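Labels below follow one simple rule: chain letters A, B, ... track the order of the sequence lines, proteins then strands, and each chain is numbered from 1. Owing to the predicted nature of the structure, the values given are computational and were not obtained by experimental measurement.
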Amino acid sequence: MTLRLFNTLSGQLDPLIPLDGKALGMYACGPTVYDYGHIGNFRTFLHIDVLRRFLRLTGVEVRQVMNITDVDDKIIRNAAAAGQPIGAYTAPYEEAFFADLDALRIERPELIARATDHIPQMAALIERLAKAGAAYRTDDGSWYFRIAAFPAYGKLSKKDLSGMEDGARVDVDDYEKDSARDFALWKAAKPGETSWETPLGRGRPGWHIECSTMAMEYLGESFDLHAGGEDLIFPHHENEIAQSETATGKPFARHWMHVRFLLVDGRKMSKSEGNFYTLRDLLLKGYRASAIRLALISVPYRHPLNFTFDSLADSTGAIDRLRTFRARLVSGPFPEGQNPALEAAALAAREAYRAALANDLNTADARAPVFDLVRSANTAMDKSEFFLGNRAAVLAVLEDFDAVFAVIADHDAEATRRALAWARGSGRMDSVAPELVASASISDAEVDTLVAERNQAKKQRNFARADAIRAQLAAKGIVIEDSKDGTRWKRK
RNA sequence: GCACCGGUGGCGAAGUGGCAAACGCGCUGGUCUGCAAAACCAGUAUUCACGGGUUCAAAUCCCGUCCGGUGCUCCA
């Protein structure tokens, strides 16, 4: 089943197939490590994760490169303010970024590339552009890309640049450039700033050249897919295309995927609006990592997502339903035999699920057949019409679902535990939800003991004691479920 | 200002010409249970911002209006 994915460059759904017939080469713009990642960042990374997981589910090998921008103006400024070398300043944020990816079950790209490890290659690419007459040096020692050298400029963002020419609306005198639209390739070092000695002079790379260089270094001059947040379309990705294609004369990325923005309460998330959340903020409020993941991927990537706390509660409920069902499916017991109607339903569900994802990664649509099957299977179980022979096919649907959505298998406790350890280590315990502290104060073994004691009390029909234990556990966020096959419990 | 996107039930959201509109959450009632929880059943939009139009047929296409958002600058 071939994925048809919207291509910003062509403006239509295009099949996404590896150019070399082996592995899909994709480059995703990664983080600038000057702060903790917020949920808007992660919406983008999560949808890229959905993409790569779906490709692999359908048998397409993936070679993904992600950059880490570990040098830029903000980093240089903040590190200087902290009196640290930039590497010492960025290291903890880079580490936090990877911890956050783990919490959200975002797979690691095959290759991580740091900007500071590729300075010579960047300088070489700029020299190549200079030789082609597309880059020039200004008096202060900075280098710029000459947009006039690339007539196709604007083809990705579909901008008509004729209305943005130098003149009335842009004060050219503010820039030491030939044209106001020309962008920086290399920034000359200012006294005391972190810089590198290169044939171009002392300085540091611009942001755009970083991605062009590393993408081509690891994926070749032409490759399959370039992805990122919608805000990168212009100017970042437009500039990458201009630089790369001018240098090589070949098409850069064939396919461009852009994830639309996350809004919070209907507005763009920003620190000044007071609606800004990092992943850590949410974990420490007691929301599960899996619920955050599901909430951020359930709205397809080409629609803006309006994030609310209701959406997290919604996702928590949906995940509980799936997990409870999976536990019931695995534990049985079911009689020998086979229910042909259910078997057919399972096969159809799997087909519909994959078809929905193959249609431009329609995650919302893909959920529907899975939940439909859960209901049919539960109904069959209630009526004793579910047999041992049905288990594998139904389980296969859940496995397909989790291969992409990755929320049924429960890794939440670990993510929360780490967030708590981080809060403790960085003096943020006052922002932790009290329920979370309460839940963390009781171990699984202690819960098991209390549950056993409650079962004993129930057997003796001492319901007062049994209910008291249930209430005690509930206060720590533990929910108890009795069934004829025993008592299950879970953390809320 | 220019450009783009969107307005579907209590909430999120799919659906872009043809069965009175998926799925999830929530709520109400029922079954089950010592009581709960879980699960199941039933109910929860005759209708898709509004006004025109095209069509045998429109939530879906066209025109207009209103409302919301985003981009045009660092930004996922």
Phosphate oxygens OP1/OP2 of B/A14: is one of them under 4.0 Å from a side-chain N or O of A/N362? no
B/U44 - base-pair partner by Watson-Crick or wobble geometry, distances under 3.5 Å: B/G26
If you compare every side-chain N and O of A/T379 against the phosphate oxygens of B/C41 (OP1, OP2), does one of them come in below 4.0 Å? yes
For A/E399, does the CD atom have more than 12 heavy-atom neighbours from other residues, nucleotides or ligands under 6.0 Å away? yes
Can you see if the side chain of A/R375 gets near the phosphate of B/C23 - specifically, an N or O under 4.0 Å from OP1 or OP2? yes
Would you measure the distance from the C1' atom in B/U73 across to the matching atom in B/G17 and give it in whole Å? 42 Å
Exceeds 12 heavy-atom contacts within 6.0 angstrom, atom CD of A/E481: yes
Taking the same atom, C1', in B/U8 and in B/A22, what whole-Å distance lies between them? 12 Å
Determine whether the side chains of A/Y36 and A/D100 contain a donor N or O and an acceptor N or O closer than 3.5 Å. no
Given B/A76, is OP1 or OP2 found less than 4.0 Å from the side-chain N or O atoms of A/N41? yes
Report yes or no: is there a donor-acceptor pair, N or O only, under 3.5 Å between the side chain of A/K158 and the base of B/C4? no
Just N and O in the side chain of A/R326: are any of them under 4.0 Å from OP1 or OP2 of B/A38? no
N or O in side chain of A/R181 less than 4.0 angstrom from B/U73 OP1/OP2: yes
Same-atom distance (P) from B/U60 to B/G52, integer angstrom: 14 Å
Taking any strand in view, what nucleotide pairs with B/G1 in a Watson-Crick or G-U wobble way, both distances under 3.5 Å? B/C72
Distance between the C1' atoms of B/C23 and B/C63, in whole angstroms? 34 Å
Using atom P of each nucleotide, how far apart are B/G6 and B/G10 to the nearest Å? 23 Å
If I pick the P atom on B/G30 and the same atom on B/A36, what distance separates them, to the nearest angstrom? 11 Å
Testing the 3.5 Å rule here: is there a donor-acceptor pair between the side chains of A/D14 and A/S10? yes
Walking RNA chain B from its 5' end, the first of A/L322 and A/P304 to be reached, judged by nearest nucleotide, is A/P304
Using only heavy-atom distances, decide whether a donor-acceptor pair under 3.5 angstrom links the side-chain of A/D314 to the base of B/G26. no
On the nucleotide B/A14, are OP1 or OP2 found under 4.0 Å from the side-chain N or O atoms that A/R367 carries? no
Taking only side-chain N and O atoms of A/H303, does any of them lie within less than 4.0 angstrom of OP1 or OP2 on B/A14? yes
Can you tell me, in whole Å, how much space there is between the C1' of B/A76 and that of B/G71? 14 Å
Between the side chains of A/N378 and A/S376, does any donor sit under 3.5 Å from an acceptor? no
Give me the distance, rounded to whole Å, that separates B/U16 from B/U28 when you measure between the P atoms they each carry. 34 Å
Using Watson-Crick or G-U wobble geometry with both distances under 3.5 Å, which nucleotide pairs with B/A39? B/U31
In Watson-Crick or G-U wobble terms, both distances under 3.5 Å, what is the partner of B/A49? B/U65
Distance-only donor-acceptor test (3.5 Å): side chain A/R321, base B/C25: no
Please tell me which of A/K458 and A/V479 maps to the more 5' nucleotide of RNA chain B, matching each residue to the nucleotide holding its nearest heavy atom. A/K458
Does a sphere of radius 6.0 Å around NZ in A/K285 hold more than 12 heavy atoms from other residues, nucleotides or ligands, not counting ones at 6.0 Å or beyond? no
Determine whether a donor-acceptor pair (one donor, one acceptor, N or O, separation below 3.5 Å) exists between the side chain of A/D310 and the base of B/G12. no
